[in-house]
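Written below as structure tokens is the structure these notes are about.
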2 protein chains.
Amino acid sequence: MTRVLVVEDEPQIVRALRINLRARGYEVDAAPDGRAALDLAARRHPDVILLDLGLPDMDGTEVIRGLRGWLTVPIIVLSARHASAEKVRALDEGADDYVTKPFGMDELLARLRAAVRRAAPAEEAAVVSTEAFTVDLAAKKVRRDGADVRLTPTEWHILEVLVRDAGRLVGQRQLLREVWGPAYEKETNYLRVYLAQLRRKLEPDPARPRHLITEPGMGYRFEP
Amino acid sequence: MTRVLVVEDEPQIVRALRINLRARGYEVDAAPDGRAALDLAARRHPDVILLDLGLPDMDGTEVIRGLRGWLTVPIIVLSARHASAEKVRALDEGADDYVTKPFGMDELLARLRAAVRRAAPAEEAAVVSTEAFTVDLAAKKVRRDGADVRLTPTEWHILEVLVRDAGRLVGQRQLLREVWGPAYEKETNYLRVYLAQLRRKLEPDPARPRHLITEPGMGYRFEP
DNA sequence: ACGGATCTTGACGCGGTCTTGACGCCGCTA
DNA sequence: TAGCGGCGTCAAGACCGCGTCAAGATCCGT
């Protein structure tokens with residue numbers, strides 16, 4: 001299911017969007033200000049973000065900057081400002097689209113579909129195998145010795161990030177950002193705990209990992 | 001250089017777009033109708049397409065359908081129609097964005113930049129090779145004789161700086177600053193220790209280095 | 001409201017990494 | 001030729017990061 005994060009301070013608009021999006025089968029989170037937006041973006045991992053520029057606590061382009069750099073999901077800006085300078089700034093800051101209020105709901109939904117469609121084709125080659133286990137990115141499943149392995153949401157998310165960049169080193173900072181959000185960049189002990197759990201569940205010999213490898217001082221690497 | 005295909009039958013608009021795009025360093029092809037558009041799209045491999053919906057020979061959505069399916073480059077639709085049904089149709093047909101005429105040139109250019117940026121995750125394989133070993137900057141990996149070489153964070157950091165400026169001399173001061181920080185600009189003995197370790201791990205004959213070369217009194221140089 | 005699963009947090013020991021100092025060699029210069 | 005500065009080498013101790021474990025906090029569905 002596609003998850004949408006709505007960042008908007010006017011309750012009426014939030015309500016209208018929530019109803020329309022829910023009716024089309026989207027899952028909806030809502031944030032009334034920039035702080036909550038950054039927080040929810042990290043915790044809920046939306047597939048697309050609808051962002052109002054007129055927030056009470058911070059400037060809209062600031063929010064965009066705060067999201068970009070660690071998030072690549074599409075950002076569609078909603079704004080009452082028609083000034084083209086405003087549009088140019090938002091788009092160059094990293095927004096994917098800019099819709100002026102008042103907007104037509106059907107047009108907004110169409111632009112949202114277009115944005116999601118563009119970002120979607122990551123569902124290729126969704127199966128990565130090793131001698132010990134098999135990861136299916138699309139189905140979100142891991143098989144080992146012919147049986148499904150049960151992973152917690154966080155465990156899965158870490159594994160997903162590592163497998164997506166198979167063979168490449170993923171810095172601990174990057175890993176923490178993508179899984180827990182930018183505020184957790186220093187909590188390296190989280191990684192130690194969860195990598196240990198993943199190894200216990202996936203590696204034939206957890207003490208001597210062959211696929212989930214630690215590069216001391218730098219990060220972790222998934223080796224197919 | 002980014003190549004733009006402009007599909008538009010009004011010569012004035014074509015001319016305005018061509019001038020503005022050329023001035024920004026884009027390469028411009030122009031097609032006056034749908035047939036020419038499909039032809040040029042195939043022959044010239046544009047990076048982005050600006051498509052007017054009001055073409056003389058075929059309907060705009062037909063052109064989109066004709067392009068999609070074998071082309072994945074961003075399509076930005078230009079149209080005089082403000083009707084939202086029209087926008088929805090174009091976007092669902094595969095267009096990436098929809099701009100209504102008359103449009104502001106700076107806004108159009110911003111949307112074009114956004115479209116190109118999205119489609120551009122072209123990660124160049126940052127791999128540098130020598131006769132003795134291979135350095136993969138992206139994966140943070142070093143291979144030698146078919147086996148991975150284990151480097152410590154500091155070792156890797158030094159090698160990275162040297163390889164990034166392959167063939168060029170890197171002053172010891174610069175090297176110390178980039179790896180240890182400005183406060184360590186005088187600790188040249190660090191370099192001696194670590195360069196020796198790197199040579200021991202990478203050079204066929206560490207006593208007579210062929211790739212990690214010392215320029216006495218000045219700095220170090222990586223020779224591919 | 002309850003119970004189980006999941007996430008957070010802290011402490012500890014160990015191994016590897018970094019830092020630091022000493023020594024000898026070489027090339028340059030006086 | 002003697003002195004000097006820069007470089008390579010080595011080894012030892014300090015230090016840091018990792019794996020591990022377990023207890024508390026929190027979330028979730030029943």
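Naming convention: chains lettered A, B, ... in sequence-line order (proteins, then strands); numbering from 1 in each chain. Bear in mind that the values here come from a model prediction, so they are computed numbers and not experimental data. Computation of the quantities below employed the complete heavy-atom set of this structure, encompassing side-chain atoms and omitting hydrogens, waters and symmetry-equivalent molecules.
Close to C:dC7, at under 4.0 Å from its OP1 or OP2, lies no side-chain N or O of A:Trp180. Using a 4.0 Å cut-off, some side-chain N or O of A:Tyr190 falls inside it from OP1 or OP2 of C:dT9. Phosphate contact (OP1/OP2 of C:dC7, side-chain N/O of A:Tyr194, threshold under 4.0 Å): present.
Atom-to-atom, CE of A:Met218 to C1' of C:dG16 comes out at 13 Å; the value is rounded to the nearest Å. Counting to the nearest Å, the P atom of D:dC21 and the CD atom of A:Gln197 are 11 Å from each other. Atom CG of B:Asn189 and atom C1' of C:dT19 are 9 Å apart (whole Å). If you take CZ of B:Arg200 and P of D:dG8, they are 12 Å apart, rounded to a whole angstrom. Rounded to an integer number of Å, the gap from CG of A:Leu195 to P of C:dC7 is 14 Å. When rounded to the nearest whole Å, the span between CG of A:Leu198 and P of C:dT6 equals 13 Å. The nearest whole Å value for the distance from the CG atom in B:Leu191 to the C1' atom in C:dC18 is 14 Å. The distance between atom CD1 of A:Ile158 and atom C1' of C:dT8, rounded to the nearest whole Å, is 13 Å.
Residue B:Thr152 places its side chain closer to C:dC18 than to any other of C:dC18, D:dC10, C:dT9. Out of D:dG8, C:dT20, C:dA11, the shortest distance to the side chain of B:Arg199 is found at D:dG8. Out of C:dC18, D:dC7, D:dC21, the shortest distance to the side chain of B:Arg192 is found at D:dC7. Set against C:dC7, C:dC18, D:dC18, the side chain of A:Gln172 has D:dC18 as its closest nucleotide.
Listed here is the closest heavy atom pair of A:Glu178 and A:His157: O-CE1, 3.1 Å. Shown here for A:Arg168 and A:Arg221, the closest heavy-atom pair between the two residues is O-CG, 3.7 Å.
In this structure, the side chains of B:Glu93 and B:Arg68 stay at 4.5 Å or more apart for every pair of heavy atoms.
At a threshold of 4.0 angstrom between heavy atoms, the contacts of A:Tyr220 are confined to the sugar-phosphate backbone, with no base atom among them. As judged by a 4.0 angstrom heavy-atom cut-off over every strand, A:Arg150 is placed among residues touching the sugar-phosphate backbone only. Residue contacts shown for B:Thr214 are limited to sugar-phosphate atoms, with no base heavy atom under 4.0 Å away.
Relative orientation of the B:Tyr190 and B:Tyr184 rings is tilted, given thresholds of 30° and 60° on the angle between their planes.
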Worked check of ring pair (Phe, Tyr, Trp, His ring centres under 6.0 Å) between A:Trp180 and A:Tyr194: CA-CA 12 Å; A:Trp180 280 274; A:Tyr194 277 96; 5.7 Å; yes

